[in-house]
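Throughout, a chain's letter reflects where its sequence line sits, starting with A, and its residues are numbered from 1.
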Amino acid sequence: MTDVAPPRGTQDVLPPSSDALLAVVDAAHEIARLYGYRYVETPAFERTEVFERTSGGSSDVVTKEMYTFEDKGGRSLTLKPESTAPVVRAYLATRQSLPLPFKAYYVEKNWRHGRPQAGRLREFRVFGIEVLGTDAPGADVEVITVANRFLRARGLARLTLHLNSIGDEVCRPRFREDLVAFLEPRQDRLDREHRETWRRNPLRVLDCTTPECRSATEDAPRILDYLDDACSEHFGAVRSGLDEEGVAFELDHRLVRGLDYYTRTTFEFVSGALSPAQATVCGGGRYDGLAEVLGGEPTPGVGYGLGLDRLLLAAAEEGAASSGSRAVRCYVVGLGEDARREARALLRELRDAAIPADASLEDRPLKAQLRMADRSGAPFAALLGDRELREGVVTMRRLADGEQETVPRGEVADWLSR
RNA sequence: GUGGGCGUAGCUCAAUCGGUUAGAGCGCCGGGUUGUGGUCCCGGAGGUUGGGGGUUCGAGUCCCCUCGCUCACCCCA
């Protein structure tokens, strides 16, 4: 019994929850197309360096959460823990034949080895978009707008957008220096964890939520005060662009994010419907230096990753109506050998007419077939017995209330699509 | 990865102080003559009490290990 359970931190998705997942996936494809994004796929695994070099050696993702293995040729490979670096790699490999800027999206799985809990799986699904090849603030605005629209359309109302700019390689070092100088005399007031690491990764201290770190950094320097003219102007344009799009946000100078490749704009959508530890349903930002780290031409970019599993949890929590039944429209019931042959013909016709339909694969009693019709969720059952066969008709039964109508055999498809 | 809580049919739960063959509801499958599902009646399948070890005459119940879920931390989707 336990041996048929899926591996730890993974899950089987079966009806009816697979319907909800599919609805979200469909909606992702739809909104991506609506905004002009093109579908991309990259391999499930990459050379390990792709993540080591881009995410930053000190990040948790790289140091302890990657599924890394050696293949039979001795290469070190890693199941992708995030999708931005692979997409940028693929872009660099193919860019001569792609439009500029290139707007990409994907719906796929990522893998991270952490201790699983609700909203944090080892294998999880993301819907991400990336705009490559432009540093225009309009790209940042568009990316955030798509996420906002998508999340709200899926029924997430208790949603906060946290927004920040963490500068670039020109202005961030000055800030970092001042922050270190600020923390130095206060290091004893930090929590145990950051007392060790504050010097190596001072920005992370700002992100820490413990009361100790919060009070110690109350008056810490703020990155927004350090932005140089270019970054400051860029961030101003992003903010006014969001205002223009009607996307509400909260400035959060503590938002630094966990991957090293981010520059300038960073953002997170946090759901109030999820437990705070896993409440980030979408996170992203700008990564103008990423392509160079991969050894490619300088290529600015901005994008997000949006967790579909968390989205579904939050939507369920907020009582969002799960949309679109995947049930067939008609369940065909055949009684007896002759009528069953005719039922199979009808089934073929319905499917040829693009009407989703189903029937029992075995010869079963009427009651059993009707029960199957009921469980299939189909709104109608088409009944074919000797009586209908003789008269060249089909009895159409509305399963909700048992209302029946006799329809000429040749008009069933039309009757169902009216 | 660190710390806490919890594991009894598919689901929700019961089982006296450690006592003999672990029950119920729902769900699932079948039947109530080849003419009506969802309601009703009848029947059935389904459990090594997560797994392993120990204590005991006897363990679902007590102890240890392990696996899983869960919450917090860490981090993030």
Taking the six-membered ring for Trp, are the ring centroids of A:Phe175 and A:Tyr226 within less than 6.0 Å of each other?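 Ring-ring flag for A:Phe175/A:Tyr226: true, centres closer than 6.0 Å.
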Need one value for [X]: base, sugar-phosphate or nothing, where a base atom within 4.0 Å counts as base even if backbone is also close, heavy atoms only.
| X | result |
| --- | --- |
| A:Leu383 | base |
| A:Ala339 | nothing |
| A:Asp386 | base |
| A:Ala118 | sugar-phosphate |
| A:Gly385 | base |
| A:Leu311 | nothing |
| A:Gly9 | sugar-phosphate |
| A:Gly128 | nothing |

Just N and O in the side chain of [X]: are any of them under 4.0 Å from OP1 or OP2 of [N]?
| X | N | answer |
| --- | --- | --- |
| A:Arg115 | B:rC74 | no |
| A:Thr395 | B:rG35 | no |
| A:Arg8 | B:rG68 | yes |
| A:Lys367 | B:rG37 | yes |
| A:Arg120 | B:rA77 | no |

How close or far is atom [atom2] of [N] from atom [atom1] of [X], stated in whole angstroms?
| X | N | atom1 | atom2 | result |
| --- | --- | --- | --- | --- |
| A:Glu268 | B:rC75 | CD | P | 12 Å |
| A:Glu65 | B:rA77 | CD | C1' | 11 Å |
| A:Glu391 | B:rG35 | CD | C1' | 13 Å |
| A:Glu342 | B:rU34 | CD | P | 22 Å |
| A:Leu308 | B:rA77 | CG | P | 13 Å |
| A:Met372 | B:rG38 | CE | P | 14 Å |
| A:Leu399 | B:rU39 | CG | C1' | 15 Å |
| A:Phe51 | B:rC75 | CZ | P | 21 Å |

Basic-acidic side-chain contact under 4.0 Å: [X], [Y]:
| X | Y | value |
| --- | --- | --- |
| A:Asp358 | A:Arg351 | yes |
| A:Arg186 | A:Asp219 | no |
| A:Lys103 | A:Glu142 | yes |
| A:Glu349 | A:Arg409 | yes |
| A:Asp374 | A:Arg371 | no |

Could you tell me which nucleotide pairs with [N] by Watson-Crick or G-U wobble geometry, both distances under 3.5 Å, or answer none if nothing does?
| N | result |
| --- | --- |
| B:rU39 | none |
| B:rG46 | none |
| B:rA72 | B:rU2 |

Using the closest heavy atom to pick a nucleotide of RNA chain B for each, name whichever of A:Ala279 or A:Pro365 lands nearer the 5' end. A:Pro365
Starting at the 5' end of RNA chain B, which residue's closest nucleotide do you reach first, A:Arg398 or A:Arg375? A:Arg375
Tell me if the side-chain of [X] makes a donor-acceptor pair with the base of [N], cut-off 3.5 Å, by modelled atom types.
| X | N | answer |
| --- | --- | --- |
| A:Gln369 | B:rU36 | no |
| A:Asp374 | B:rG38 | no |
| A:Glu388 | B:rG35 | yes |
| A:Arg371 | B:rG38 | no |

Taking the side chain from A:Glu82 and the backbone from A:Asn110, do they hold a donor-acceptor pair closer than 3.5 Å? no
Nearest to the A:Arg112 side chain among B:rU36, B:rG31, B:rA77, which nucleotide is it?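 Within the option list, the nearest is B:rA77.
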If you measure from the [atom1] atom in [N] to the same atom in [M], how many Å do you get, rounded?
| N | M | atom1 | answer |
| --- | --- | --- | --- |
| B:rA9 | B:rG50 | P | 7 Å |
| B:rU49 | B:rU61 | P | 10 Å |
| B:rG19 | B:rU66 | P | 29 Å |
| B:rG31 | B:rU70 | P | 39 Å |
| B:rC26 | B:rC41 | P | 9 Å |
| B:rG5 | B:rA45 | C1' | 35 Å |
| B:rG32 | B:rG25 | C1' | 23 Å |
| B:rU33 | B:rU16 | P | 44 Å |

Judged by modelled atom types alone, do A:Glu130 and A:Thr84 share a side-chain donor-acceptor pair under 3.5 Å?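 A:Thr84 and A:Glu130 do have a side-chain donor-acceptor pair below 3.5 Å.
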